[in-house]
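Heads up: the structure comes next, in structure tokens.
Just so we're clear, the structure is a prediction, and the values are computed from it rather than from any experiment. Order of listing sets the numbers, starting from 1, for every ligand and every atom in it.
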Amino acid sequence: MGVFNHAEFDNHEQVIFCRDENAGLSAIIALHDTTLGPAAGGCRMWPYPSINDALTDVLRLSRAMSYKNGLAGLSLGGGKSVIIGDPERDKNETLLKSFAGFVQKLGGQYYTAEDIGIGINDVKIFAETCHYIFGYSTDPSPFTARGCCEGIKAAVMHHLGRNDLQGLKAAVQGVGNVGKILCKNLHEAGTKLIVSDINPEAVAYAVDNFGADAVAPDEIYDQEVDIFSPCAMGGILNDDSIPRLRTSIIAGAANNQLEHPRHGRLLREKGILFAPDYVINAGGMLQASSDIFGNFDIDLIMKRITGIYDTSLEIFKLSEQKNRATHEIADELAKKRIADATGQQKVTP
Ligand code: NAD
């Protein structure tokens with residue numbers, strides 16, 4: 001299958017296939033849209049079974065970054081990169097520097113950062129040979145968790161008519177960097193937690209610190225809760241999981257939670273309010289992007305993260321008025337923001 005007729009191709013501006021045999025590097029960088037500014041989005045390292053799987057992921061993720069950055073009000077376009085390989089087995093300094101060299105050659109059209117399989121220490125290695133890096137000065141996860149919490153509050157207000165989280169029940173899938181802080185925030189707001197993770201230590205942390213009940217990874221979908229919060233992997237809202245869900249709200253950090261857009265429509269038909277992931281998980285990007293512009297201003301960052309509440313509420317209300325799925329409304333708002341900026345002068349990092 002070619003790129004232009006790939007199902008996930010959405011007029012991406014550039015798709016760059018990077019190969020360095022000596023370094024063992026196979027990677028793809030996708031720049032979806034740079035109308036608002038240089039493309040920005042993390043680098044994922046994953047043992048994709050095929051090039052086509054890697055291409056599918058990078059095309060979807062880079063488009064989501066255009067929409068995330070656009071709706072968050074950032075002067076940044078959407079991009080993402082994937083390194084094909086097992087981070088446990090294949091990651092080494094030579095490979096990371098080789099990848100960074102490809103980003104450097106793009107001359108600032110694309111800024112990269114951490115993602116699944118690429119941590120802050122890896123990004124610091126990128127920074128040795130590449131200027132176009134962000135998200136290394138502070139861990140973005142607490143900001144992402146805070147933004148998710150704003151999205152959850154907006155969903156609870158819209159769907160349950162309540163302006164607090166006291167006494168509600170939430171099931172959190174994945175208690176890693178974001179999930180565990182989200183658990184802390186929800187616990188402090190008086191929400192009862194059920195958690196799952198494939199890492200027993202992560203589960204134990206949530207049980208010990210936030211009084212969470214633990215369930216096996218596959219059982220998380222069956223829990224009777226007010227909020228289901230996916231904070232692990234994408235594609236988990238699908239034909240298998242949706243019929244099992246016993247929640248009124250889905251709001252979490254994981255990217256690309258809907259396996260297919262039709263699953264967003266299915267959730268709406270079932271009366272489950274879905275907070276689009278890229279809308280409510282933008283907190284980390286709002287913080288990390290200050291590395292690009294060199295303008296770290298914690299008050300402004302927190303103000304914008306708090307604004308995720310209003311953006312989410314607007315999307316939920318429009319979804320109701322127009323009888324459309326929430327992710328469709330979010331996509332439309334993001335596309336409008338990008339279209340409105342067409343031809344305008346860009347803010348230069
Ligand atoms: P992480 O790797 O620290 O945590 C993910 C957790 O999910 C891990 O503890 C892992 O063991 C667990 N997990 C994996 N498969 C699972 C399964 N099948 N069931 C239950 N648990 C499972 O990642 P993170 O930084 O916390 O990010 C979580 C999600 O949020 C990812 O999808 C990421 O792309 C997205 N996200 C993160 C940020 C951020 O600031 N870190 C920002 C935006 C989006």
Closest approach of any protein heavy atom to atom 36 (N) of ligand 1, naming residue and atom: Ala253 O, 3.7 Å
Which option wins on minimum heavy-atom distance to atom 12 (C) of ligand 1: Asp197, Val195, Ile220, Ile116? Asp197
At under 4.0 Å between heavy atoms, is it the side chain or the backbone of Ala232 that contacts ligand 1, or both, or neither? both
Less than 3.5 Å between some nitrogen or oxygen of Gln173 and one of ligand 1, yes or no? no
Do NZ/NE/NH1/NH2 and the carboxylate oxygens of Glu332 and Lys336 come within less than 4.0 Å? no
Return yes when at least one protein heavy atom is under 4.0 Å from atom 23 (O) of ligand 1, and no when none is. no
Determine whether any heavy atom of Glu114 lies closer than 4.0 Å to an atom of ligand 1. no
Are Glu13 and Asp33 packed together at the side-chain level, in the sense that at least one heavy-atom pair is separated by less than 4.5 angstrom? yes
Lys/Arg N to Asp/Glu carboxylate O, Glu314 vs Lys317, below 4.0 Å: no
To check your reading of the model: name the closest protein heavy atom to atom 33 (C) of ligand 1, its residue, and the distance in Å. Asn255 ND2, 4.0 Å
Restricting to non-hydrogen atoms, name the atom on Leu74 and the atom on Ser289 that form the minimum distance, rounded to 0.1 Å. CD2-OG, 3.4 Å
In terms of its nearest heavy atom to atom 17 (C) of ligand 1, the top option of Ile198, Ile280, Ile236 is Ile198
In terms of ring plane angle, is the pair Tyr132 and Tyr111 parallel, tilted or perpendicular, where the classes change at 30° and 60°? perpendicular
Assign the ring pair Phe210 / Tyr205 to parallel, tilted or perpendicular, where the plane angle (0 to 90°) is split at 30° and 60°. perpendicular
With respect to atom 26 (O) of ligand 1, which of Ile181, Val203, Val178 exhibits the smallest heavy-atom separation? Val178
With a 4.0 Å cut-off, strictly under, does atom 41 (N) of ligand 1 pick up any protein heavy atom? yes
Could you check whether Arg262 pairs with Asp239 (Lys NZ or Arg NE/NH1/NH2 to Asp/Glu carboxylate O, under 4.0 Å)? yes
May I ask you to check whether Phe99 and Phe126 place their ring centers less than 6.0 Å from one another? yes
Which is closest to atom 19 (N) of ligand 1 by heavy-atom distance: Gly41, Pro217, Ala202, Gly147? Pro217
min-distance protein heavy atom vs atom 5 (C) of ligand 1 -> Cys231 O, 3.9 Å
So for Gln257 against ligand 1, with non-hydrogen atoms under 4.0 Å, the contacting part is neither
Which of the numbered atoms in ligand 1 are below 4.0 angstrom from a heavy atom of Pro140? 40 (O)
Can you confirm whether Lys184 is buried at NZ, in the sense that more than 12 heavy atoms of other residues, nucleotides or ligands lie under 6.0 Å from that atom? no
Can you pull out the closest protein heavy atom to atom 1 (P) of ligand 1? Residue, atom name and distance to 0.1 Å, please. Asn177 N, 4.0 Å
N or O contact, Asn281 vs ligand 1, cut-off under 3.5 Å: no
Please confirm whether Thr144 comes within less than 3.5 Å of ligand 1 when only nitrogen or oxygen atoms on both sides are compared. yes
Val172 and side-chain contact (heavy atoms from CB on, under 4.5 Å): which single residue from Thr191, Leu193, Val225 fits? Leu193
Taking only non-hydrogen atoms of Arg44 and a 4.0 Å limit, the atoms of ligand 1 in range are 34 (O)
With a 4.0 Å cut-off on N to O distance, would you call Asp218 and Arg244 a salt bridge? yes
For atom 4 (O) of ligand 1, find the nearest protein heavy atom and state the residue, atom name and distance (0.1 Å precision). Gly176 CA, 3.3 Å
Give a yes-or-no answer on whether the side chains of Asp53 and Ser50 include a donor-acceptor pair shorter than 3.5 Å. yes
Close-contact set for ligand 1 against Ser141 heavy atoms, below 4.0 Å: 40 (O), 41 (N)
